[in-house]
Structure formats: C-alpha cells, structure tokens
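Everything below concerns the one structure shown next.
Just so it is clear, the values below take in all heavy atoms, side chains as well, and ignore hydrogens, waters and symmetry mates.
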Amino acid sequence: MSAPVTALAAIGVVALVCAAAYGYLLHSPKPAEPRLSAPVTVDTITVDDRTRAYQAFVPADLPPGSPLLFVLHGSQQDGRTIRTATGYGFDKLAERHKFAVVYPDGYKRGWNDGRTSAVTPARKEDVDDEGLIAALVERFRRRHGIDPARVFVTGFSNGGQMAFRLAARTPERIAAIAVIGAGLPTPDQWAVTEPKHPLPVLLISGTRDPIMPYEGGEASIFGFQKRGTVLSAEITARAFAEVNGITRPPISRPPAGLPLDGSGGADGPSVSETRYSQPGKAPVVASRSPAAVTRSPTPTTASPGSWAGPTTPSMPRPPSGTSSARP
C-alpha cells in the first residue's frame with residue numbers, strides 16, 4: 001500500500017480523536033495527562049515579524065524520517081485547548097506509532113483560512129499562516145529529523161478551513177488532510193485558489209451540525225454571526241474526488257467495527273462512510289453521523305482499518321471518555 005494511503009489510515013484515527021473535541025471542556029472534567037516518553041514542549045517561532053506559539057510532543061528516540069502531524073484548533077481556541085479537548089489522544093497515538101505532533105496557536109485564536117467572509121483577526125490582518133506551517137516543518141526537520149514529505153494536517157472547524165487552504169495553496173508540502181466540522185467554501189467565498197492538486201482527504205461531518213450545515217448553505221454561530229456559504233458535505237467530498245481524478249462511483253457503508261446496521265450500539269453514535277477510491281488515485285473518505293457528531297458529547301469510535309483497506313496496519317481506537325461540542 002502506498003505511503004499516502006497508509007498514512008491516511010493513521011490520520012483517520014487521529015482525526016476521530018479530534019472529532020470528539022467540541023465542548024469537551026464544557027461537558028467533562030479535564031483529563032489526566034498521560035505518561036509519555038518525553039515532555040510536551042511549549043515554544044515560539046517568529047514568522048513575518050510575529051511571534052507564534054505552539055505546543056508539541058516528540059516521542060523519545062523518534063526514528064529519522066518520521067511523520068509530522070499538525071493539529072489545527074477551531075476559532076476561539078488555541079493549541080493547548082485542542083490538545084486537552086481531545087483527551088491527549090494525539091499524544092498517545094504519536095507515542096505508539098512514532099510520529100511528532102504539533103499544536104500551533106492561531107493568531108489571536110483563529111486562522112487566516114482563505115474565506116472572504118472569515119472574521120478572524122488573522123484573516124483581517126492577512127496573517128501568514130502558510131508561512132507558519134512551513135517554518136515549523138523546517139524547524140522539526142532540523143531538530144528532530146522528520147520527513148518533510150510526510151507532513152499531515154488535521155483541522156477542526158476554522159482549523160479545518162485552514163487545512164483546506166493548505167491543500168489548495170501548498171499541496172506540495174502536505175501528504176494528506178483530515179477535516180472535521182467544515183465544508184469547502186462556495187466558489188464565491190474563496191479568497192485564494194481552490195484545491196486543484198490530488199491529496200488523500202478524510203472528512204468528518206454531522207448531519208445535524210447547527211453551525212456548519214451538512215447540506216450546505218450559510219454557516220453561522222447558531223443562526224447568528226454569519227460565516228459565509230459552504231458546499232454540502234457530499235459535494236465537498238465529490239469535489240476532492242474530482243480533483244483526485246476518481247471516476248468510479250463511491251461506495252457507502254458503515255465503518256468496520258460498528259454494527260452492520262450502523263446503529264452504533266453502546267460504542268457511540270451511528271456513523272457511516274462513503275469512500276471514493278480507484279487504483280493509483282489518492283482516496284477520499286467521508287464519514288458522517290445522523291447526529292451532530294462533531295458537536296455531540298458522545299465520543300466517536302471506528303475501526304481504523306476502515307479508512308484505507310484491509311492491509312492497513314492495526315491502529316488503536318480513540319480514547320474513551322472524550323466528548324464533543326463546538327465553542
């Protein structure tokens with residue numbers, strides 16, 4: 001199996017942890033920090049004359065050429081918040097599977113995600129968030145020997161929109177993206193070019209999401225503070241499949257590890273999957289729940305093997321006890 005496809009399986013599991021982020025701090029006590037082989041670092045880097053902060057975990061004895069994962073938080077969050085809100089699940093996966101994980105802070109708690117309607121200070125001041133990611137990749141290459149060709153991005157809400165921007169503007173720097181709770185902006189909303197280069201993509205959506213409409217339309221904060229129009233979850237997936245050159249019809253099914261009827265049972269909400277795949281093409285996987293999965297206090301779980309086929313190495317399930325809702 002190709003490295004991008006195998007890596008998509010890993011980022012899929014990591015993204016499932018991120019899908020449990022929203023509202024964790026509102027619904028659950030702060031989780032106990034895991035025992036890790038190395039300390040979590042808090043550091044800064046200067047990009048375009050701005051000092052940018054981040055947290056990172058690099059497992060002890062990380063092999064040269066290991067992957068690097070960026071976790072991009074939602075609006076009004078920061079790297080510390082998303083790390084805690086996901087129950088430190090990214091750290092645990094990084095420890096187990098030997099990759100570095102970075103939680104950068106958006107500028108004034110938001111990202112310059114490239115939507116004309118975005119209201120974040122980062123967008124208004126045209127902050128160079130692409131440059132931030134590039135600078136951090138180079139820092140971690142020099143300090144920890146990560147492979148710049150194995151850089152993955154998972155983003156949530158505003159962070160998911162930032163992942164879309166990176167896929168559109170700097171696809172040569174990104175191996176795959178996983179986006180939770182965000183749809184592609186409609187063409188009139190793009191302040192930058194739309195995605196045009198193939199990448200493996202994982203999308204996680206809730207069909208009753210009150211902020212990011214599953215069927216597309218006006219995104220808003222519970223009907224207030226309009227955030228511009230977005231494509232539906234299905235059209236977003238089809239758009240990436242088209243960019244990736246996939247012409248075969250998609251296959252829809254519940255992910256492996258959940259009951260075949262998709263009920264979810266005691267393990268969590270009902271989750272189904274639509275996979276766009278074709279030999280030699282980067283896959284697109286869209287996971288959805290009839291509940292507001294990215295806003296619900298119920299953790300999302302699924303068998304990681306469902307993301308990239310039966311030959312994918314076994315990966316752990318996301319940690320239990322996390323919950324989700326959006327700030």
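Between atom CG of residue Leu231 and atom CD of residue Gln189 there is a gap of 10.0 Å, rounded to the nearest 0.5 Å. Here the OH atom belonging to Tyr103 is positioned 12.0 Å from the OG1 atom belonging to Thr81, to the nearest 0.5 angstrom. Put simply, OG on Ser277 and CZ on Arg248 are 7.5 Å apart, with the number rounded to the nearest 0.5 Å. Glu125 contributes atom CD, which lies 9.0 Å from atom OG1 of Thr120 (distance to the nearest 0.5 angstrom).
At least one donor-acceptor pair closer than 3.5 Å links the side chain of Ser232 to the backbone N or O of Ile235. The closest donor-acceptor contact from the side chain of Asp129 to the backbone of Trp111 lies at 3.5 Å or more, if one exists at all. A distance-only check finds no donor-acceptor pair linking the side chain of Asn244 to the backbone of Ile246 [under 3.5 Å]. Between the side chain of Asp147 and the backbone N or O of Ala149, at least one donor-acceptor pair lies under 3.5 Å. At distances below 3.5 Å, not a single donor-acceptor pair connects side-chain atoms of Ser66 with backbone N or O atoms of Leu62. Between the side chain of Gln161 and the backbone N or O of Arg115 there is no donor-acceptor pair closer than 3.5 Å. The backbone N or O of Gly65 sits less than 3.5 Å from a side-chain atom of Arg150, completing a donor-acceptor pair. Panel note: side chain Ser205, backbone Arg288; no donor-acceptor pair is recorded below 3.5 Å. At distances below 3.5 Å, at least one donor-acceptor pair connects side-chain atoms of His73 with backbone N or O atoms of Gly106. Listed for the Arg165 side chain is a donor-acceptor partner under 3.5 Å among the backbone atoms of Asn112.
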Could you walk me through whether Leu68 and Phe152 pass the side chain to side chain contact (heavy atoms under 4.5 Å, CB included) test, one step at a time?
-> CA-CA 6 Å; Leu68 174 64; Phe152 303 91; over 6 Å; no
Apply salt bridge (Lys or Arg N to Asp or Glu O under 4.0 Å) to the pair Asp78 and Lys108, showing each step before the final yes or no.
-> CA-CA 9 Å; Asp78 56 21; Lys108 296 183 179 179; over 6 Å; no
Derivation and outcome, ring-ring contact (aromatic ring centres under 6.0 Å, His included), residues Phe240 and Phe164 | CA-CA 10 Å; Phe240 277 109; Phe164 287 150; 5.7 Å; yes
For side chain to side chain contact (heavy atoms under 4.5 Å, CB included), just list the numbers for Val151 and Arg173, CA-CA rounded to whole Å, side-chain angles, deciding distance to a tenth of an Å, and then say yes or no.
-> CA-CA 7 Å; Val151 174; Arg173 300 177 187 168; over 6 Å; no
For side chain to side chain contact (heavy atoms under 4.5 Å, CB included), just list the numbers for Tyr107 and Val47, CA-CA rounded to whole Å, side-chain angles, deciding distance to a tenth of an Å, and then say yes or no.
-> CA-CA 11 Å; Tyr107 177 73; Val47 178; over 6 Å; no
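Among all heavy-atom pairs drawn from Pro59 and Ala94, the shortest one is CG-O, 3.3 Å. Nearest heavy-atom pair, Val192 versus Arg169, reported as atom, atom and distance to 0.1 Å: CB-CD, 3.7 Å. The nearest pair of heavy atoms linking Ala122 to Gly110 is CB-O, 3.7 Å. Across every non-hydrogen atom of Pro195 and Val243, the tightest pair is O-CG2, 3.4 Å. Considering all non-hydrogen atoms of both residues, Lys98 and Pro63 come closest at CB-CD, 4.0 Å. Closest heavy-atom contact between Ala239 and Leu184: CB-CD1, 3.9 Å.
A heavy-atom distance below 4.5 Å is not found between the side chains of Thr154 and Val179. Leu132 has its side chain within reach of Pro104: a pair of non-hydrogen atoms, C-beta onward, lies under 4.5 Å apart.
Using a cut-off of 4.0 Å between Lys/Arg side-chain N and Asp/Glu carboxylate O, Arg83 and Glu33 are scored as salt-bridged. Note on Arg50 versus Asp128: no salt bridge recorded, every NZ/NE/NH1/NH2 to OD/OE distance being 4.0 Å or above. Look at Glu138 and Arg141 and you find a salt bridge, because one of the NZ, NE, NH1 or NH2 atoms lies within 4.0 Å of a carboxylate O, short of that distance.
With no hydrogens or angles considered, no side-chain donor-acceptor pair links Glu273 and Ser252 at under 3.5 Å. There is no side-chain donor-acceptor pair under 3.5 Å between Tyr54 and Arg80. Side-chain contact of Gln278 with Thr247: a donor-acceptor pair under 3.5 Å is present, judged by distance alone.
Atom CG of Asp188 has more than 12 neighbouring heavy atoms from other residues, nucleotides or ligands inside a 6.0 Å radius. Counting non-hydrogen atoms of neighbouring residues, nucleotides and ligands closer than 6.0 angstrom, the CD atom of Glu242 reaches no more than 12 such neighbours.
No chain of hydrophobic side-chain contacts below 4.5 Å, direct or via other Ile, Leu, Val, Met, Phe, Trp or Tyr residues, connects Leu136 to Val127.
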